[in-house]
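Report on the following structure.
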Amino acid sequence: EDLNMKLFPAISLAVLSQIILSCASTPKINDTSSSTVDPVAAKDFKFKTIPAKFSGGMADYKFNNVSYKARWARCVLKPGVPFVAYFHGSDKATEGDAFCSDWTAQVLLKNGFNVVAVNRPSFAGSTGNDDMAGPQSVAASLAGIKMAVGIDPVAGFWGFDTGVIAASFSAKSHPNLKWLLLGNGFYDLEITERSTKSDAIRAAIQKQKISEGDSALEKRSIAWDAAGIPKLVAIYHAKADDVAPANQAEAFNDQLRTAQSKVFIDEFEGGGHDIPWQAHYQIVDKALKNLKQ
């Protein structure tokens, strides 16, 4: 009995230490409430325009020993403020100085960031062929960001639709990145190919497989190897998205949590793959507030 009494404090201390360590390593999620998209109410949403200085240009880079150009645009709130890079989807490239007044730049400016965006190959002035946000898109994005930002800090990458692919893989080559924001994205093209309801997406996947073989899936499926991306990630995905199936986003979320990443997820109701911009602004604004905490 005396021996048990002597051991008890030591055992208790060990157990307590394990509990403390466990709590310290468990991601603490501040806001995981799901948003609801109301297309009718969204039409009444307005935001105050934040002024920013626009500049743009072309970045030269090589891919497979061939020279290309990537068109970039940036919106500067004030010098020295960290940048966020926006990675566009299949149908929303940047078009000149109008970019700074677009909601995609404005929601970032509102949250205190400078903004940079790079058009992927074949989009709005960038040369090359559309590779479904694959390796050449990553090369173009990194070249454009480097030229546009210089030595200024980059806080995060935000990708939407196929832009999630380029944002995620680009993050692997940007070690000082603090976070990723990913919306209605493609994380596992094998699952996507089986279950997407979009003929266009299925055709795009088939096109890359014909060009690159089955490795095309691996090069565009961040869920297959997420090593090297930031440990802070926010995901928003429509439960009813039948273009980028929600189940592969949920599986990616589970994978990140298992790897002890801190993940915010907003599985929103009432919307599909294409989100009314007004509702999209509010969903992203909420995610950015979580990421800045």
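Because the structure is a prediction, the values reported are computed rather than measured. Throughout, numbering of the chain's residues begins at 1 and tracks the sequence.
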Residues Arg220, Glu212: salt bridge by 4.0 Å N-O rule: yes
Arg257/Asp254 ion pair, N-O < 4.0 Å: no
Aromatic centroids of Phe83 and Phe113 separated by under 6.0 Å: no
Aromatic contact, His174 with Phe157 (centres under 6.0 Å): yes
Whether the [X] and [Y] side chains hold a donor-acceptor pair (N or O, under 3.5 Å, no angle test) is what I'd like checked.
{"X": "Arg71", "Y": "Ser126", "value": "no"}
{"X": "Ser34", "Y": "Asp266", "value": "no"}
{"X": "Asp242", "Y": "His273", "value": "no"}

I'd like to know if [Y] and [X] are part of one continuous hydrophobic network [Ile/Leu/Val/Met/Phe/Trp/Tyr, side-chain heavy atoms within less than 4.5 Å].
{"X": "Val115", "Y": "Phe123", "value": "no"}
{"X": "Val84", "Y": "Tyr281", "value": "yes"}
{"X": "Val233", "Y": "Val154", "value": "yes"}

Donor-acceptor under 3.5 Å ([X] side chain, [Y] main chain):
{"X": "Asn119", "Y": "Thr127", "value": "no"}
{"X": "Thr196", "Y": "Thr192", "value": "no"}
{"X": "Asp188", "Y": "Gln248", "value": "no"}
{"X": "Lys239", "Y": "Ala246", "value": "no"}

Within 6.0 angstrom of Lys53 NZ, more than 12 heavy atoms from elsewhere: no
